[in-house]
There are 2 protein chains.
Amino acid sequence: MNNITIKDIARKFKCSPSTVSRALNDHSNINVDTRETIQEYAQKMGYQKNSISLSLLNKSTKTIGVLVPSINHSHEAQMIQGIQSVFDSLGYMLIFCVTNELHSLEQEHIKRLLSNRVDAILVSISQETANLRDFSHFDMVNKRKTPLVFIDRDIVENYGSSVVIDDYKGAYLATKHLIEKGSRRIAHLAGPEGLLVSKLRLEGYLDCLKNHEISPNTDWIKHVEFNIESAIEPTKSWFESELRPDAIFGVNDYVCYGAVNVLMEMNIRIPEEVSIVGFDNCPISPYFFPKLTTIDRKSFEIGRLAAQQSLEMLSKDDFVPEKSILSPYLIIRDSTQLS
Amino acid sequence: MNNITIKDIARKFKCSPSTVSRALNDHSNINVDTRETIQEYAQKMGYQKNSISLSLLNKSTKTIGVLVPSINHSHEAQMIQGIQSVFDSLGYMLIFCVTNELHSLEQEHIKRLLSNRVDAILVSISQETANLRDFSHFDMVNKRKTPLVFIDRDIVENYGSSVVIDDYKGAYLATKHLIEKGSRRIAHLAGPEGLLVSKLRLEGYLDCLKNHEISPNTDWIKHVEFNIESAIEPTKSWFESELRPDAIFGVNDYVCYGAVNVLMEMNIRIPEEVSIVGFDNCPISPYFFPKLTTIDRKSFEIGRLAAQQSLEMLSKDDFVPEKSILSPYLIIRDSTQLS
DNA sequence: ATTTTTAGTGCAAACGTTTGAATTCGTTTT
DNA sequence: AAAACGAATTCAAACGTTTGCACTAAAAAT
C-alpha cells in the first residue's frame, strides 16, 4: 500500500502536519492560498484520510456490527436493507457476520466485533445460543457499554434493547383466519425448539384454538427447521394417515412451500381441501402457486427501527434498554380463499 | 465506553505496557508468574485487544470490503456465503455495502472502504456504473494497490481480477435445451441494458438460434429488470398477440416466476404449450410450480473463488489481474419436461 | 573474584490524525 | 517607540499496541 499521508504532504510543503490537517478540513485560521494549494495537491495525489487513526483518536469507528444466523431468507435480506437505510446516510459502515446458527461462531464474532470497537451491535441470536441459553458473550458487550439491540429473535434475559414482531399475535391472526374459513383440523409446522419465536407462534396457535373450543391434536404439531426441505416429511406423514388436517399454519413461508409441494404431488387441492397460511410474506409468496396467504413480518421496518434504537442508545451515555414489539398483519391470498 | 487497556493493566501491576503486551501474547522472554497474573487479571477485567491500534501499526485491518447492488436475490446471498466461508476462518471481517444499483452510492462506498483501509475489495458493479461506464472510483482503488476483484458482473476494462459465470454458455445451453425439446418460437426476457451479463446472455441466446437456423424475432426480446414484477407486462403482451411464443428463456429465475404467473392466469399450460428455462437455480425453483428448469450459476463457488483470488493478490505485492470464468450447467425440471 | 551469560523488564519510536496552547511575525493602535 | 493585537503556523500530546534495543540483576562459567 503506497498511501500518501498528511505527513507526506507536510514534508512536501515544508509545513507542519497540523497545517495540512487544518487545510484539508477547511479550518478557520488558515491562509487561503495555503489551503487551496494543499487541497489541490491532496486531490491530485489521491489522498484519502485514514479513518483508522481517527477511530483511535475519537474512540468511535463509525462501524456497526450486524450478526445474523443466516442470509438465505428474504426476510433477513430485507431486515439488512432496513438497517442500511438508516446507517448509510450517516456515514456508518456495516460489519457483517453470519453465525450459521452456531453458538461458537456467534461468540467468536462478538469477540471480533468488540475487538474492532464497533459503535453498536445488532444481533439476531442463533438457534444454538437460544437452546444452550449461554449468553456470556453478551455480558462482554454490556461491560463495554456497547449498545446492543436484539433483532427479530428476542431473548428473555435483559441484555439490551430489542425490536421484534409480535409473533404471538401473528400466529393468532393466522389461526383465527383459518378457523373463520371453516377449518377445524389445523396442523402447525412449528419452528425449531428452543427459539422464542417458535414458542410464541406455537402459543398463539394453541391459544387461538382453545379460544374457539378446538382441542389441539399433538400429532399435528411438528417442529421443523426454517427451510423448505424439512417440511416435506412431516406433511407427508400427516396426509398419509387416516385423519387428514384440513389446514396448515406454517412457521414461515418456506415451510409452506414445502408443504404445498407435498400436497400437489398427492393431488390434494388448495384451498378446497386444505388451506395454508404462512408467516413472513416473502417477495415470492404473491407469485407462488397457490399465492400464499401469510402474515407480514415488517422485516424492513424491524431493521430500520433496530438501527434507530441503536443510534439512540449511542447518543445517550446512560440508556435504558427498550423493547419494541411490532404488530404483524394478515395478507389473504389464494391458499386460503378462492379468487 | 470504559475499555480497559494495556496501559491500565501496566499501571495496576506497576510494570511497563510492553511487559503486559508480551504477557498477553505469550511471548518468550516473560516470567511465568508475571504472565499468568496478568492474563488472569486481563481475563477478569474483560480486556479485549484494540484491533484499531493494531491496524494502524500493521497497516492491515483484517477487513474486506464487499460491494453489491442488492441483497434481494438468493444468488447474492449465496455468493456472500461463499465469501464468508473463506474469510471467516482467517479472522477477516466483512464490511458490507449495498449500492442499490446506483453509481453515486458505489463511488461513495468505495471511498469509505478505502478510507477505512480495507485489505481488499470485492465488487459486483451496479447497473448505473455499467451504463455510465465511469470507473474512476476504481482508479483510486488501484492507486492504493488495494486488491480488487469483480464478482459476478464483469467489466470489460482491466481494473482488477474477476470471477464470473460463463453467461454466454449458460444462455446457449438454455436455448439449446428449448430447441431440443421442440420449441422454435423462443422468447427472451433479457436483463437490463448496459450490463455485460445481459449482453452475454442475449448473445448466447441469439447465437444458439442462429446455429439452429432459427431467425430471431425482435418482438420476442424484451429488456426487463431482475425482478418478478417487471416480467409481467412483456409476457402479457407476447401472449395476447396473434403469434405466441412456445418457449421463454428468462435472464434469471425471478423473471420466470413472473412469466409463469401470467401464463397460469391465461390458463396456458407449462410445458405443454410453453416451455420455460431460467437462470440462477434459486433454492425455491425446485419447489416452484412448475418446478423450474434452469441454469445453475454456482453462486457460492463464485464467492469462494473471488475471496481466494483476493487473498492471493494480497499475498503477492505484484499481482497480475486474473479472470476466472466458471462453467454453468443445465438443470432440467418440469417447466420444460413432463415428469 | 571476575567475566560472561541469561532471564526478565523497561524505553522509546512508530502507525496517522486532531487540537488546545504556544509561538512567530507583521500590522495597527496608543 | 512601545504596546497590543491578530493572522498564520507550529508544538506536543493523545489514542492503544508492538517491538528492537538497551538495561538490570542474578546465575553460571571462568
Side-chain angles (χ1 to χ4, degrees), chain A residues 1-39 41-42 45-63 91 112 114-119 144 146, chain B residues 1-39 41-42 45-63 91 112 114-119 144 146:
Chain A
M1 320 273 169
N2 54 343
N3 293 323
I4 177 167
T5 73
I6 274 194
K7 283 184 184 175
D8 296 330
I9 302 181
R11 214 169 297 130
K12 160 85 181 175
F13 291 105
K14 294 187 206 313
C15 68
S16 74
S18 14
T19 306
V20 179
S21 170
R22 283 189 248 259
L24 292 174
N25 293 313
D26 284 330
H27 245 258
S28 46
N29 284 343
I30 184 88
N31 184 290
V32 179
D33 291 340
T34 321
R35 192 204 315 157
E36 277 173 7
T37 325
I38 289 181
Q39 284 190 353
Y41 181 75
M45 300 298 286
Y47 168 83
Q48 281 280 353
K49 94 160 67 194
N50 185 326
S51 296
I52 301 299
S53 71
L54 271 181
S55 298
L56 191 57
L57 198 59
N58 301 333
K59 292 168 170 302
S60 158
T61 52
K62 284 274 189 178
T63 55
R112 290 189 199 167
L114 286 178
S115 189
N116 274 76
R117 297 298 190 265
V118 290
D119 288 351
R144 277 275 150 62
T146 301
Chain B
M1 320 272 170
N2 54 344
N3 293 322
I4 177 168
T5 72
I6 274 193
K7 283 184 184 174
D8 297 331
I9 302 180
R11 214 168 299 131
K12 160 85 182 177
F13 290 107
K14 294 188 206 315
C15 67
S16 73
S18 16
T19 304
V20 178
S21 170
R22 283 189 255 258
L24 292 175
N25 293 311
D26 284 330
H27 246 258
S28 45
N29 285 343
I30 185 86
N31 183 290
V32 178
D33 291 340
T34 320
R35 192 203 317 158
E36 277 174 6
T37 324
I38 290 181
Q39 284 190 351
Y41 182 75
M45 299 297 286
Y47 169 81
Q48 279 283 351
K49 96 160 64 191
N50 185 326
S51 296
I52 300 298
S53 70
L54 272 181
S55 298
L56 191 57
L57 198 58
N58 301 333
K59 291 166 171 305
S60 158
T61 53
K62 285 274 192 177
T63 56
R112 289 189 200 166
L114 286 177
S115 189
N116 274 76
R117 298 295 191 268
V118 290
D119 289 351
R144 277 277 151 60
T146 300

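This structure is a prediction, so every number in the text was calculated from the model and none was measured. Lettering of chains follows the sequences in order, A, B, ..., and the numbering in each one begins at 1.
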Would you classify A/S55 as touching base, sugar-phosphate or nothing, given that sugar-phosphate means primed atoms plus P, OP1 and OP2, and contacts are heavy atoms under 4.0 Å?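 Here A/S55 touches no strand at all.
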
Report which part of the nucleic acid A/N31 touches: base, sugar-phosphate, or nothing (heavy-atom distance under 4.0 Å, all strands).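 Sugar-phosphate: the residue A/N31, judged by heavy atoms under 4.0 Å, touches backbone atoms but no base.
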
Checking [X] now: which residues fulfil side-chain contact (heavy atoms from CB on, under 4.5 Å) with it, not counting sequence neighbours?
{"X": "B/K49", "answer": "A/S115, B/N25, B/Y47, B/S51, B/L54"}
{"X": "A/R117", "answer": "A/T61, A/R144, B/N3, B/Q48, B/N50, B/I52"}
{"X": "B/N29", "answer": "none"}

Rounded to the nearest angstrom, tell me the gap between atom [atom1] in [X] and atom [atom2] in [N].
{"X": "B/D8", "N": "D/dC15", "atom1": "CG", "atom2": "C1'", "answer": "12 Å"}
{"X": "B/K14", "N": "C/dG10", "atom1": "NZ", "atom2": "P", "answer": "12 Å"}
{"X": "A/I52", "N": "C/dT18", "atom1": "CD1", "atom2": "C1'", "answer": "16 Å"}
{"X": "A/F13", "N": "D/dA8", "atom1": "CZ", "atom2": "P", "answer": "18 Å"}

Compute the angle between the rotation axes at the two ends of the helix from C/dA1-D/dT30 to C/dT30-D/dA1, each taken over five pairs, rounded to 10 degrees.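 The helix from C/dA1-D/dT30 to C/dT30-D/dA1 shows an end-to-end axis angle of 70°.
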
Using the salt bridge (charged side-chain N to carboxylate O under 4.0 Å, His left out) criterion, which residues pair with A/R22? Sequence neighbours excluded.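 Here no residue qualifies.
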
Output every pair passing salt bridge (Lys or Arg N to Asp or Glu O under 4.0 Å) with a member in residues 23-36 of chain A, not counting sequence neighbours, ordered by first then second residue.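 Counting only pairs at least two positions apart or across chains, no salt bridge (Lys or Arg N to Asp or Glu O under 4.0 Å) contact touches residues 23-36 of chain A.
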
Closest to side chain of A/C15, choosing from C/dG10, D/dT10, C/dT9: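 Within the option list, the nearest is D/dT10.
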
Does the protein touch nucleotides 16-29 of chain D at the base, only the backbone, or not at all? Give it as B, S and - per nucleotide, heavy atoms under 4.0 Å. BBBBB---------

B/D8: which residues meet the side chain to side chain donor-acceptor pair (under 3.5 Å) condition with it, sequence neighbours left out?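 Partners of B/D8 under the side chain to side chain donor-acceptor pair (under 3.5 Å) test: B/T5, B/R11.
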
Residues which pass ring pair (Phe, Tyr, Trp, His ring centres under 6.0 Å) with A/Y41, listed by chain and number, not counting sequence neighbours: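 Expected list: A/F13.
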
Please check if any side-chain donor atom of B/S21 sits under 3.5 Å from a side-chain acceptor atom of B/S18, or the reverse.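 Their side chains do not contain a donor-acceptor pair, so the 3.5 Å distance test is not met.
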
